[in-house]
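Each remark here refers to the structure printed beneath this line.
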Amino acid sequence: MIIVTVPTSKGGIRRKHHRAWTLSEVMKLVEGVSRYGAGRWSEIKRLAFASYSYRTSVDLKDKWRNLLKASFAHIPSDKGVNSRKNAATMPIPEPILLRVRELAERQSQVPPNLTSGKEAGSSGSSAVAAKIKRDGDNREDQRNGSRDGSKPEKKATDYHLGQLKAKIAKLRTQLLEPPKVLQKARDVGDRYNASPVYVLILYCAVLFQGMIGSSSKAMMVIAVSKSSDIVLMVLDTSKSEGHQQILTRELEAVGLCLTKRPPQIYFKKKKTGGISFNSTVPVTHVDEKLCYQILHEYKIHNAEVLFREDATVDDLIDVNEGNRKYMKCIYVYNKIDVIGIDDVDKLARQPNSIVISCNLKLNLDRLLAKIWEEMGLVRVYTKPQGKQPDFTDPVVLSADRGGCSVEDFCNHIHRSLVKDVKYVLVWGLSARHYPQHRGLGHVLQDEDVVQIVKKKVMNA
DNA sequence: ATTAGGG
DNA sequence: CCCTAAT
């Protein structure tokens, strides 16, 4: 950490701390904004930056402002590969800036100094951006009820495809291999067009053994991967068998854990009281003394630690480092048409795996079904009072992004809604009888229908 | 206590 | 990164 002293206007002296933002911090911030929305800084701080005691919510806000500026200032020159040599500050990888811009556009945050576009006749990217913006506005209108006779599903699909294409187009310039599975992405969009879900599929033929951690391009792929919903590791069945383990291990080394749950360790810093170490199950890898030593390393002397599983030392460290990302992953074994049936059978029986052939279009529908199933998405339809449920535009929830409770559902509709809710009426799998009265804590299931009953507003 | 915005 | 005004 650097501390410089600067003179203040009144002749005094003030200490100014500076701690450079690491890439993983930036990625966490971007993820936080995508999850909770720009402006909810203290929430992001609490939920995503719990382990970084420096970085106040204001810091996050400032950093986001800088990122926003950077992303809009820099993107127009996206033809060349990072041609900005004069960037004295740490260069933020392009994919991250893209994501920043995308989020900004989705939340209709446009930097004030970019009202008249300079990139008038240039590449398709501005057109795409404009289209995305337009469609976004349309969606907003539809939600507000002013719906005309057009087909919303088609528009939604266009919207997703537009975003996918924009993303992929930008990435294409950086990745060695063109995204060959674009077609598959389109299939996903068509089949599940009722849901605003973003599936970004990177064709990761570019990730080779030994590349992760040493190649900046590979790191960018990983940076983007971390903010997506699921990872599909596409493996060539006809090549060596070890690729899956090697890639998984290499990804783990850079903080991306596939097909694993986060360690079940409750950890809370305290002001006082020393370290209390407890467990709900017998622990064999860690004892109180070891725990104390580790926390001492992090200069933590007061905390409550509760092991909910027989976790290892590494797990405890991960909890403290807090820079690991646990992601769902499906291992997709491609080219099963060129190997023997016994081998196919063996691969298909492995956990989190599916076998396909792009060439012969084998098993692709099962892959889609599996993606859907793994993501654990919960579509909830809204039902206005006294009207039919709206089955065209579900609110999509999942345990990974915010949770599936009624409260989460309300927050998806509008941030301020939750405090006005008296109770909700639920139809569907999660309801015992129809309709069932439930509160904010109720956990919803896929295809439930919910009607919100608001508290009576007392007027003075 | 938190946030937006100017510095 | 810091500060202040506004909520």
Side-chain angles (χ1 to χ4, degrees), chain A residues 1-75 84 86-93 96-97 99-116 133 136 140 268-272 299 302 322-323 401-403 407-408 410-421 440 454-455 457-460:
Chain A
M1 156 133 78
I2 305 161
I3 299 180
V4 293
T5 54
V6 291
T8 63
S9 53
K10 291 179 185 117
I13 286 284
R14 160 175 105 203
R15 280 149 76 78
K16 188 170 181 171
H17 309 229
H18 180 73
R19 190 167 204 150
W21 278 71
T22 66
L23 197 56
S24 65
E25 282 178 306
V26 170
M27 275 151 40
K28 259 213 169 69
L29 174 60
V30 172
E31 195 189 315
V33 169
S34 86
R35 196 157 293 192
Y36 308 109
R40 314 195 60 182
W41 306 115
S42 59
E43 192 146 339
I44 296 172
K45 156 79 182 154
R46 191 153 30 85
L47 295 161
F49 277 78
S51 47
Y52 300 90
S53 49
Y54 49 96
R55 304 299 180 216
T56 66
S57 52
V58 176
D59 293 333
L60 304 187
K61 186 256 315 178
D62 282 339
K63 186 62 188 178
W64 178 255
R65 187 165 52 172
N66 288 339
L67 285 173
L68 211 58
K69 211 166 78 186
S71 75
F72 277 90
H74 179 238
I75 300 294
R84 288 277 170 280
N86 58 349
T89 49
M90 200 251 293
I92 306 286
I96 295 187
L97 290 180
R99 179 128 177 89
V100 169
R101 194 172 71 150
E102 179 202 317
L103 286 169
E105 259 156 19
R106 203 187 302 175
Q107 316 196 2
S108 61
Q109 289 183 341
V110 180
N113 54 357
L114 204 89
T115 41
S116 61
K133 183 119 187 23
E140 205 49 44
K268 177 117 185 156
K269 270 195 222 176
K270 287 278 160 65
K271 284 262 163 69
T272 170
K299 307 235 186 334
N302 301 292
N323 53 11
R401 37 173 65 217
E407 181 170 357
D408 303 319
C410 295
N411 281 330
H412 270 255
I413 297 171
H414 198 283
R415 305 264 184 232
S416 65
L417 180 61
V418 71
K419 65 181 191 307
D420 298 328
V421 174
L440 289 174
K454 291 191 186 179
K455 287 175 191 158
V457 190
M458 287 300 198
N459 287 330

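Side chains are part of it too, since the values below use all heavy atoms of this structure and drop only hydrogens, waters and symmetry mates. Note on naming: letters A, B, ... go to the chains in the order of the sequence lines (proteins, then strands), and numbering restarts at 1 for each one.
- More than 12 heavy atoms of other residues, nucleotides or ligands lie within 6.0 Å of NZ in A:Lys270, so this atom counts as buried by the packing criterion.
- Distance A:Tyr36 OH to B:dT2 P: 16 Å, rounded to the nearest Å.
- The nearest whole Å value for the distance from the CG atom in A:Asp59 to the C1' atom in C:dC2 is 9 Å.
- A:Arg40 comes within 4.0 angstrom of sugar-phosphate atoms only, judged by non-hydrogen atoms across all strands, and of no base.
- Put simply, A:Trp41 has a side-chain N or O that comes within less than 4.0 Å of OP1 or OP2 on B:dA4.
- Residue A:Arg55 is in sugar-phosphate contact alone, with no base atom involved, counting any heavy-atom pair closer than 4.0 Å across all strands shown.
- The closest side-chain donor-acceptor pair between A:Glu31 and A:Ser34, if any, does not fall under 3.5 angstrom.
- Within the 4.0 Å cut-off from OP1 or OP2 of B:dA1, not a single side-chain nitrogen or oxygen of A:Ser42 is found.
- Taking the six-membered ring for Trp and thresholds of 30 and 60 degrees, A:Tyr52 and A:Tyr54 have ring planes more than 60 degrees apart, a perpendicular arrangement.
- Between the side chain of A:Glu25 and the main chain of A:Thr22, a donor-acceptor pair closer than 3.5 Å is present.
- Using modelled atom types, one side-chain atom of A:Lys45 and one backbone atom of A:Arg55 make a donor-acceptor pair closer than 3.5 Å.
- A straight line from NZ of A:Lys61 to P of C:dT4 spans 14 Å, rounded to a whole angstrom.
- Computed from coordinates, the A:Arg65 CZ to C:dC2 P distance equals 13 Å when rounded to whole Å.
- To the nearest angstrom, P of C:dC2 lies 13 Å from CG of A:Asn66.
- To the nearest angstrom, C1' of B:dA1 lies 14 Å from NZ of A:Lys45.
- The side chain of A:His18 sits closest to C:dC1 out of B:dT3, B:dG5, C:dC1.
- Here A:Trp64 does not reach the OP1 or OP2 of B:dA4: none of its side-chain N or O atoms lies under 4.0 Å away.
- In this structure, the CZ atom of A:Arg415 is 15 Å from the C1' atom of B:dT2, given to the nearest Å.
- Regarding A:Asp62, its CG atom lies at a distance of 9 Å from the C1' atom of B:dG5, rounded to whole Å.
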